[in-house]
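Below is one structure, written out as structure tokens; the observations come after it.
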Amino acid sequence: MKGAPELRGRAARLARLFPAGGGGGQAARTPFVVLVVLLLGGGLIGLLVLNSALSEGSFHLDDLEQQTKELTDEEQALQRDVDAYSAPQALQRRARELGMVPGGDPAFLAPDGTVKGSPSPAAGATPLVLAPEALTQAGSAPTTPTPGR
């Protein structure tokens with residue numbers, strides 16, 4: 001028997017295309033293994049970066065949700081304050097503190113200049129004088145200081 005079988009036909013043609021020698025298979029496999037290791041390593045690093053970015057985004061989202069909750073609570077408190085100030089009893093109390101009184105019957109002017117309705121003064125209205133010195137000068141002639149004297 002011989003050491004190597006004799007090849008015929010197509011197998012012989014294919015055998016002539018490959019170089020003779022057993023070490024060529026190992027050398028051709030090394031770049032493939034390096035490429036696979038690099039792809040797997042790059043994929044793992046990419047997953048680590050993606051996971052870190054998602055975690056950071058999750059923490060940022062939690063912070064924004066907390067801030068939204070605080071701002072919503074503040075808005076509701078402010079709305080309660082506005083509702084309390086615009087209640088009819090609160091408006092009436094603040095108007096009385098300012099010296100206002102409920103008005104009497106109103107009168108309306110028609111486009112032709114006639115008055116509709118009979119106006120009446122406000123009940124219990126005491127005039128609010130903001131500048132009492134203006135009342136004392138209204139009866140007398142206004143005096144102006146002369147410069148130089």
Which donor-acceptor pairs under 3.5 Å do side chains of residues 88-113 form with protein atoms, sequence neighbours excluded?
unit_1: R93; atom_1: NH1; unit_2: E97; atom_2: OE2; d: 3.1
unit_1: R94; atom_1: NH1; unit_2: Y85; atom_2: O; d: 3.1
unit_1: D112; atom_1: OD1; unit_2: T114; atom_2: N; d: 3.2
unit_1: D112; atom_1: OD1; unit_2: T114; atom_2: OG1; d: 2.9

Could you tabulate the donor-acceptor pairs under 3.5 Å formed by side-chain atoms of residues 52-67, not counting sequence neighbours?
unit_1: S52; atom_1: OG; unit_2: L48; atom_2: O; d: 3.0
unit_1: S55; atom_1: OG; unit_2: N51; atom_2: O; d: 3.0
unit_1: Q66; atom_1: NE2; unit_2: E70; atom_2: OE2; d: 3.3

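Note that the CD1 atom of I45 and the CG atom of L40 stand 11.5 Å from one another [nearest 0.5 Å]. Note: L78 CG to D83 CG = 11.0 Å, rounded to the nearest 0.5 Å.
Of all heavy-atom pairs between G117 and P119, the closest is O-CD, 3.7 Å.
With sequence neighbours excluded, no residue forms a salt bridge (charged side-chain N to carboxylate O under 4.0 Å, His left out) with K116.
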